Amino acid sequence: MPKTFHTYIIDDDPVFIFGLKFLLNMENFAQQIKTFPNGEEAIAELQKTKKLPEIIFLDLNMPVMDGWEFLDWFVLQEKLAPIAIYVTSSSIDPRDLDRVKKYGSKIRGYLYKPLHKEQIDNIRKQVEE
């Protein structure tokens with residue numbers, strides 16, 4: 001049986017969240033999924049939880065605290081280094097892709113919305129390695 005992961009989705013789009021949760025459940029990908037409408041709420045959870053997620057799906061454009069601000073905070077947190085972050089965005093702006101690359105290995109992938117089964121399969125393979 002394939003491994004399942006403790007997963008966070010940081011995104012303000014309820015339709016995307018619904019679809020991604022459905023896909024993750026169909027693929028038996030996540031043992032637990034927590035959702036946050038912005039980076040600020042995710043940070044509050046990360047600072048108090050005893051069970052860190054193994055994977056975070058992170059949107060870039062959100063109110064309150066966007067994905068860029070979350071990433072700037074995240075890269076300074078040594079204890080969070082093992083978490084695999086996948087940026088999920090509908091942006092095809094090459095500047096966003098270049099900006100994501102500046103975070104180096106902290107970001108495991110840049111995925112265009114909506115996500116598909118093949119992407120979830122590839123993430124599972126990457127994280128299990």
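Index from 1, following the sequence. None of the values given here were measured: they were computed from a predicted structure.
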Would you tabulate the side-chain donor-acceptor contacts of residues 36-48 under 3.5 Å, counting partners in other chains and residues two or more places apart, or write 'none'?
| residue | atom | partner | partner atom | Å |
| --- | --- | --- | --- | --- |
| Asn38 | OD1 | Glu40 | N | 3.0 |
| Asn38 | OD1 | Glu41 | N | 2.9 |
| Glu45 | OE2 | Lys34 | NZ | 2.8 |

Report whether [X] and [Y] are members of the same hydrophobic cluster (ILVMFWY, side-chain heavy atoms less than 4.5 Å apart, transitive linking).
| X | Y | result |
| --- | --- | --- |
| Ile92 | Val100 | yes |
| Trp68 | Tyr110 | yes |
| Phe29 | Leu52 | no |

Residue pair Glu128 / Phe5: nearest heavy atoms and the distance that separates them: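 Closest heavy-atom pair between Glu128 and Phe5: CG-CZ, 4.0 Å.
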
Do [X] and [Y] come within less than 4.5 Å of each other through their side chains, counting heavy atoms only?
| X | Y | value |
| --- | --- | --- |
| Glu27 | Leu23 | yes |
| Ile120 | Tyr86 | no |
| Asp66 | Glu69 | yes |
| Leu111 | Ile123 | yes |

Calculate, to the nearest 0.5 Å, the distance between atoms [atom1] and [atom2] belonging to [X] and [Y] respectively.
| X | Y | atom1 | atom2 | result |
| --- | --- | --- | --- | --- |
| Ile10 | Met65 | CD1 | CE | 10.0 Å |
| Leu20 | Ile9 | CG | CD1 | 4.0 Å |
| Arg108 | Ile85 | CZ | CD1 | 11.0 Å |
| Gln31 | Thr7 | CD | OG1 | 8.0 Å |

Distance-only donor-acceptor hits, side chain of residues 53-63, under 3.5 Å, sequence neighbours excluded:
| residue | atom | partner | partner atom | Å |
| --- | --- | --- | --- | --- |
| Glu54 | OE1 | His6 | N | 2.9 |
| Glu54 | OE2 | Lys3 | NZ | 2.8 |
| Asp59 | OD1 | Lys113 | NZ | 3.4 |

Over 12 foreign heavy atoms within 6.0 Å of OH, Tyr112: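 Atom OH in Tyr112 is packed in, count exceeds 12.
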
Donor-acceptor pairs under 3.5 angstrom involving side-chain atoms of residues 71-82: please list them, not counting sequence neighbours.
| residue | atom | partner | partner atom | Å |
| --- | --- | --- | --- | --- |
| Asp72 | OD1 | Tyr103 | OH | 2.5 |
| Gln77 | NE2 | Trp73 | O | 3.1 |

Check against side-chain contact (heavy atoms from CB on, under 4.5 Å), Tyr8 and Thr49: CA-CA 12 Å; Tyr8 283 9; Thr49 188; 3.8 Å; yes

Ion pair Lys125/Asp121, N-O distance below 4.0 Å: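 No, this pair does not count.
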
